[in-house]
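Down below is the structure, laid out as structure tokens.
Side-chain atoms are counted along with the backbone in the values below, which use heavy atoms only and exclude waters and symmetry mates. It should be emphasised that the depicted structure is a prediction, and the values quoted were computed from it without experimental measurement.
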Amino acid sequence: MAETLASALFGAIFQRLTDEALKKFARSQNIHSELNDLQSTLTHIEALLNDASRKEVNDESVRLWLNNLQHLAYDIDDILDDVATEAMRRELTPESGEFTSKVRNLIPTCCTKLSLTQSLHHKLDSITSSLQLLEKQKSDLGLVIGKDEKQKSNNRGNETSLPELDVVGREGEKENLINKLLGGESSKENFNILPIVGMGGVGKTTLARLLYNDTQVQGHFELQAWVCVSDFDIVKISNSIFQSVTAERNEFKDLNLLQMALREKVKDKRLLLVVDDVWIEKQEDWGIFVRPFYSCAPGSKIIMTTRKDQLLKMLGFDHLDRLESLSDRDALSLLALHALGVDNFDSHPTLRPKGEGIVGKCGGLPLALKAIGTLLRTKIHEEDWDDVLNSEIWDLEKCGDIVPALRLSYHDLSSHLKQFFAYCSLFPKDFLFDKDELVLLWMAEGYLLDQSHTNNKAPEDLGHEYFDKLLSRSFFQTAPNDNSVYVMHDLMNDLAKFVAGDMFLRFEQQTEMAVVEKTLAKYRHMSFVREEHVSYQKFEAFEGARSLRTLLAVPFGEEQWWNSFFLSNKFLVNLIPQLLLLRVLSLKKFRIREVPDLIGNLKHLRYLNLSQTDIKELPENIGNLYNLQTLILFGCGRLTKLPKSFVKLKKLRHFDIRDTLSLKKLPVGIGEFRSLRTLTKIIIGDDEDGFAITELKGLSNLQGEISIEGLHNVQSATHAREANSSLRRLTKLGLEWGDGSRRGTLEKEVFNELKPHAGMLNFLNIKFYEGIEFPGWVGDPCFQKLVTVSIRGCRKCKFLPPLGQLPLLKKLFIQGMDEVEVIGSEFTGTSNVVAFSSLEILSFEDMSGWEVLEVVFPCLGELSIRNCPKLRQVSFKALPSLRILNIYECGNGALRSLVRAASSITELTISHISELTDEAWRGALTYLGAVEEVYMEDCNDIRYLWESEAHASRVLGNIKELGVWDCENLVSLGEKEDDEDNNLLLSSLRILFVSGCKSMERCILNSNSIERLEIFDCESLTRVSFIWQKLKSLSIHRCKKLIMENMINTSMPMLEEVYIRDWTDLKSQLIQLISNSIHLTSMNIEDCPRGLKKPISEWGSLNLPSSLVDLTLRNEPHVRNFSRLSHLLPSSLKKLEIQGFDKLESLSVGLQHLTSLRHLLIGKCPKLKHLPETLLPSLLSLRIYECPILTRRSSHYWPLIFHIPDIYIQGYKDNLVFIALKRRVLGKKITPLNSIEFGYIHKGKKHTMKQSKDPYEVAAEESPPESPVGHADTKTQDSAVQPPVHSRRTDPENIIHPLNQQKATIKSAASSAAAKSVKNKEDDDEEEEENMDVELGKFPSSSDPTKLAKMQ
């Protein structure tokens, strides 16, 4: 099927050859005659393609001929693109008309000593000769000039994205399975498996979807979740299930913590879980996966769809009812439904016999019938149906799982649709396709040419039309849980990979490198899976893949926005510069800090995606990318400036700079980019070089999302009116004035003139508006699609706009409106319609004057009120849907009113609640019977959380997680100790965190359910008592008075993670007890003088279990090399941290057996000289700090470590700014840092400064070693920076989400002023640090050959 790309490429080539600018340049270079000859030969060959397309099905020699033609067409297109690019360069820089060394690089295989004209003559002559040779072979192959394909009729109207049609023939199966789903409550089993087994394409997923969405089924189950598991990654799958049942965005890296949290969420709830597309055959994997569901209520069900029955047989299913193919009658109805729009042939009796023949060949497979049916929708003549029925494709030998009907459906596509479909082979199975993003990729590849030359449609619009055609023909399907993205059936994915041939490579873990290396020169398009650490070893061979046009890093499975990925520097320095023909390059989400200058040599580049990387700037020669159409820098928080050469990117159509907080100025001249359709951030400047709002008038094609900053610099409302014409096609709009601007009247006039079109807007963000009232259009019910509104920092407005009448408003965030005192009827609007009928999430923050709230929110599910100190009166009759309540820095009256109105709360977070005494808190407890999670911070009037544990078990019978931070007067959890030793109370509690409670004396619970215990900085604590049988994670930090004699004789059989620090009374027997746990995976014990009297080298017979994968060793005064400690280190270790080894000189011996080691952290080893060279090739991360000798020798090791994706080598300087990062992971309440010290060392003295800057922002600004000072949590994955506490519910669509900065779990240290001071100091020392530090993603400029040579 090589005709696909050859025919499509011919179209692009002919369009180039008719371009006037290229023809003019060709004449100037005296190559116009060669181009005319080339065009003539191509025309002759193109006439053969229709015949070749028909014959390649059965003739291998024709297929090979087409394949050779396809490769040659790529080469022709590359040469013509060289010529067109050079013509464009000369037009933009007319002074460079003479041939230069840079021009020589445009012709990748020519001799650089030839002139440009000679080079082109040589290349074109060679290409034309090859074409003529192919043309001469037509007789031997029997190819003739074919007639044009019959025009496809579209009499039934334009092909559009049709809604999913009715399912046919599954009524019996559906009824049978519904009966099974609704029964079984009396079963002793917590859950039962309902298998749907059948071959691919038979309709297993469709049937499961019918069951999942049935109203009777939905009413029966309390929780529902759907997950596709074709790749059985238990962590990813379980995270997806957790997010489905909780509607939270949290993601766990640790399977144990994840399963604990998931088990609690589904406990005693009737769950329906669909596990779609199961391929695994190992019973133990399935057993691990389903562990959390044993806590479900009886009657829970797991629907499993699978092609294989081996696993089910091992699970005890001796007899399986397989989902069979459709009967001929039902299959004929389904074919008619998709081909004719009705379920019979009554109106087309002559087509019925042909339909019956087609049904027989489809084998009753619904997927095949649907694909053939949609193919026939464009064919109304009997001979068209005969062509399909009698196609030779039915008789082809089946290739793997490729269904002939699907091949036939593909074969019927136009050459362009075939090309689009084949391109999708680059994406893995179950990939979620974003239509807009895919269209941009198609455009960059040159696929979106208007073949009619009459429609004058934008390529993006053409792309959407082509996508919709593929969707209507079932090549894509709407994703089961999200109508905004699309998926491709596994069989369709197999077909795409099959037809793509040797032009496309999807490089995956299971890809055989030996096979790839044989065909490297043939590949034109390649994707690879974005893993957490991408090493260079397996990519080294691709330096020879000089013909690559596409290099895409694609996600595998669902990713969260906070996931980090590391890429070897060699990838950027060694590989990318070799791929001079690249048109598409995507390195999204990799922690790249610097873009090499060599990227400016990629003259063909159309699409560059560096979003969510750590780059600070782009190289100046980015302006050499004259063909660039799409530049995506979304989420580059460090990006500070754009190069002056940006003005040369005249072909730029899409420029995404969302969430680039450090970028304060747009490049000069961007207002002249008339082709721009996407410009997500506009910064109105205050000087002559700044962007003026009137320049928007010229950007008339803008659409989608725009955030306009600097509106205080607009001098006239008239200017805003002129710009408004460019706001007609927006879906998201942000309007931001400068904080503290003082021109209220003008600001309102400007605001009023910026009213967007009401029919499309779904998101509105307003910041720092200084008028005293909002324009009338804010809150106007005509904005019927508005879903999210955020209003922040509008400090002079006394009243909120009437947002209550917006019919689809779901999320509302209000912050910093100091003048508002009462929120009531003015907020709801004057209509008789129920106000806020769709509102689900509401947040108020920093409302210093607010006193009264009198509004009804019938559907509200989450409410946050933060720093509203005067709020006393909250008039809610009921909040029946409220599940999550967060209250910060408010009076206890507001707390009482809210919990009284919302008895269904499952999660409560409170902080700095004034006058919250024991009595007041216990009064609130009586309304919290449904609560599962309670987090309390800085409530200093509370001494006891409950009267007794028996009292707690009555009022908190469902609590699973309890966290208490910095409640300075808290003495104990319970005021009285219970005498009922054998009566297990609070049996639902699984996780307990206590931190910074200085007066706490005892922590006692008569419960055997605790699985995770963390106690930090409780300096008065002397007694802790639990039943430890289920404990999996134990952390005790700076509790010096703690006496825990009861623990020594207590078994902890389930223990997996231990972190103990600065505990004076720790007994060595306890260490032995811990180390004997067969489940132990992570261990860190330090600064415990009694428990660790001996140095590590004298620990003797301490045997660490083979389950251990993460170990930290600290503070050993005697060891010079690791030969004496080798026996302590099990070969299972994947991560090793070595810190404070004063005399350690070498790691070259003693670690050789650690063949699984991937992460090595070394700190405070002042005499260390040698690294373990045998282990360096396999490392994925290496961090070194305070090792001065080793730092000085880093140049020696650089060739051995340059390939490591995640590297940090700290310079040793007297004036070094340090950042002490202490990461803690507290259950699902997670923040990357729990305390941050900022400071510097001056004259040998350490100066620290407290700070209160958000820790997540700090983590984004700096990438220091994991633990330069203090402890780095061994439970935290190296690069897995987890989100702050409430960010899991942060809407990624929001420009700024007011909930991001909440700190319910951990007390962060410090003040932003101090942090800013340190940041300034770091900036001052930046040049010095560049010479001293080797950091992730940083490498010498390519202009310095000495440094570059050292790296290579």
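Scanning for ring pair (Phe, Tyr, Trp, His ring centres under 6.0 Å) contacts around Tyr607 gives an empty result, with sequence neighbours left out. Residues passing the side chain to side chain contact (heavy atoms under 4.5 Å, CB included) test with Ser547, sequence neighbours excluded: Arg524. Taking Glu437 as the reference, nothing meets the salt bridge (charged side-chain N to carboxylate O under 4.0 Å, His left out) condition, with sequence neighbours excluded. Judged as a salt bridge (charged side-chain N to carboxylate O under 4.0 Å, His left out), and not counting sequence neighbours, Glu46 has no contacts. Looking at residues two or more places apart in sequence or on another chain, you find a salt bridge (charged side-chain N to carboxylate O under 4.0 Å, His left out) between Arg549 and Asp77, Asp78. For Arg546, the side chain to side chain contact (heavy atoms under 4.5 Å, CB included) partners are Gln578, not counting sequence neighbours. For Tyr626, the side-chain hydrogen bond (donor to acceptor under 3.5 Å, both in side chains) test picks out no residue, with sequence neighbours left out. Applying the ring pair (Phe, Tyr, Trp, His ring centres under 6.0 Å) rule to Phe542 yields the partners Phe507; only residues at least two apart in sequence or on another chain are considered. Under the rule for a ring pair (Phe, Tyr, Trp, His ring centres under 6.0 Å), the partners of Phe646 that lie at least two apart in sequence or sit in another chain are Phe655. Qualifying salt bridge (charged side-chain N to carboxylate O under 4.0 Å, His left out) partners for Glu540, counting only residues two or more places apart in sequence or in other chains: none. With sequence neighbours excluded, the residues satisfying side chain to side chain contact (heavy atoms under 4.5 Å, CB included) with Ala84 are Arg16, Leu22.
No side-chain heavy atom of Leu633 sits under 4.5 Å from any side-chain heavy atom of Arg658. Between Asn67 and Asp502, the closest side-chain pair of non-hydrogen atoms falls below 4.5 Å. The side-chain heavy atoms of Arg653 and Glu460, taken from C-beta on, include a pair separated by under 4.5 Å. Looking only at side-chain heavy atoms (C-beta outward), Leu567 and Leu587 come within less than 4.5 Å of each other. For the pair Val573/Leu598, no side-chain contact is recorded, criterion being any heavy-atom separation below 4.5 Å from C-beta on. For the pair Val584 and Glu445, the minimum side-chain heavy-atom distance is below 4.5 Å. Contact annotation: the side chain of Thr550 never approaches that of Leu582 to less than 4.5 Å [non-hydrogen atoms, C-beta and beyond]. Between His416 and Tyr447 the shortest side-chain heavy-atom distance does not fall below 4.5 Å.
Contact detail for Lys603 and Leu625: the closest heavy-atom pair is N-CD2, 4.5 Å. The heavy-atom pair separating Ser611 from Lys588 by the smallest distance is OG-CG, 3.0 Å. Here the shortest heavy-atom pairing between Ile622 and Leu649 reads O-CD2, 3.5 Å. Here the shortest heavy-atom pairing between Leu143 and Ala52 reads CD2-CA, 3.8 Å. The two residues Ser425 and Phe504 make their nearest non-hydrogen contact at OG-CB, 3.6 Å. When all heavy atoms are compared, the tightest approach of Gly623 to Ser645 is N-OG, 3.1 Å.
The pair Lys697-Glu695 does not meet the salt-bridge criterion, since no charged nitrogen lies less than 4.0 angstrom from a carboxylate oxygen. Comment: Asp468 engages Lys435 in a salt bridge, judged by a side-chain N to carboxylate O separation of less than 4.0 angstrom. Between Asp81 and Arg583 there is a salt bridge, since a side-chain N of the basic residue sits under 4.0 Å from a carboxylate O of the acidic one.
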Inset, instruction - Check step by step if side chain to side chain contact (heavy atoms under 4.5 Å, CB included) holds for Ile76 and Leu38. - result: CA-CA 9 Å; Ile76 295 169; Leu38 178 65; 3.9 Å; yes
Inset, instruction - Take Tyr466 and Phe421, measure what ring-ring contact (aromatic ring centres under 6.0 Å, His included) needs, and give me the verdict at the end. - result: CA-CA 10 Å; Tyr466 289 136; Phe421 176 68; over 10 Å; no
Legend entry - Step-by-step side chain to side chain contact (heavy atoms under 4.5 Å, CB included) determination, Leu699 to Leu679: CA-CA 9 Å; Leu699 303 178; Leu679 180 58; 4.0 Å; yes
Legend entry - Pair Lys24-Asp19, salt bridge (Lys or Arg N to Asp or Glu O under 4.0 Å): steps then yes or no: CA-CA 9 Å; Lys24 179 180 177 181; Asp19 181 72; over 6 Å; no
Inset, instruction - Go through the steps to decide whether Phe433 and Phe467 satisfy the test ring-ring contact (aromatic ring centres under 6.0 Å, His included), and finish with yes or no. - result: CA-CA 11 Å; Phe433 289 91; Phe467 183 94; 7.7 Å; no
Inset, instruction - Mind running side chain to side chain contact (heavy atoms under 4.5 Å, CB included) on Ile127 and Glu34 for me, showing each step along the way? - result: CA-CA 10 Å; Ile127 287 289; Glu34 283 90 341; over 6 Å; no
Legend entry - Residues His525, Tyr74; criterion ring-ring contact (aromatic ring centres under 6.0 Å, His included); working and verdict: CA-CA 11 Å; His525 309 277; Tyr74 269 116; 5.8 Å; yes
Inset, instruction - Test Lys589 against Thr613 for side chain to side chain donor-acceptor pair (under 3.5 Å), laying out the working first. - result: CA-CA 5 Å; Lys589 277 198 170 186; Thr613 60; over 6 Å; no
Inset, instruction - Evaluate the side chain to side chain contact (heavy atoms under 4.5 Å, CB included) criterion for residues Leu618 and Ile599: first the C-alpha distance (whole Å), next the side-chain angles of each, then the deciding distance (0.1 Å), finally the verdict. - result: CA-CA 10 Å; Leu618 295 174; Ile599 201 168; over 6 Å; no
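No more than 12 heavy atoms of other residues, nucleotides or ligands shown are found within 6.0 angstrom of NZ on Lys522. With a 6.0 Å radius and a threshold of 12 heavy atoms from other residues, nucleotides or ligands, Lys23 has its NZ atom above the threshold.
Checked against the 6.0 Å centroid criterion, the rings of Phe420 and Phe475 do not qualify as a close aromatic pair.
Just one of Leu505, Leu552, Val554 meets the side-chain contact (heavy atoms from CB on, under 4.5 Å) condition when paired with Leu426; it is Leu552. If you run side-chain contact (heavy atoms from CB on, under 4.5 Å) between Leu702 and each of Leu696, Thr678, Leu727, only Leu696 comes through.
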Side-chain donor/acceptor pairs under 3.5 Å, residues 129-137, sequence neighbours excluded:
{"from": "Ser129", "atom 1": "OG", "to": "Asp125", "atom 2": "O", "distance (Å)": "2.9"}
{"from": "Ser130", "atom 1": "OG", "to": "Ser126", "atom 2": "O", "distance (Å)": "3.1"}
{"from": "Glu135", "atom 1": "OE2", "to": "His44", "atom 2": "ND1", "distance (Å)": "3.4"}

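In terms of modelled atom types and a separation under 3.5 Å, the side chain of Arg90 and the main chain of Ala87 share no donor-acceptor contact. Looking at Thr660, its side chain never comes within 3.5 Å of a backbone N or O of Leu663 through a donor-acceptor pair.
Using modelled atom types, one finds no donor on one side chain facing an acceptor on the other under 3.5 Å when comparing Asn30 with His121. Side chains of Thr85 and Asn627: a donor-acceptor N/O pair is present below 3.5 angstrom, by distance only. Side-chain contact, Thr128 with Asp37: no donor N or O sits under 3.5 Å from an acceptor N or O.
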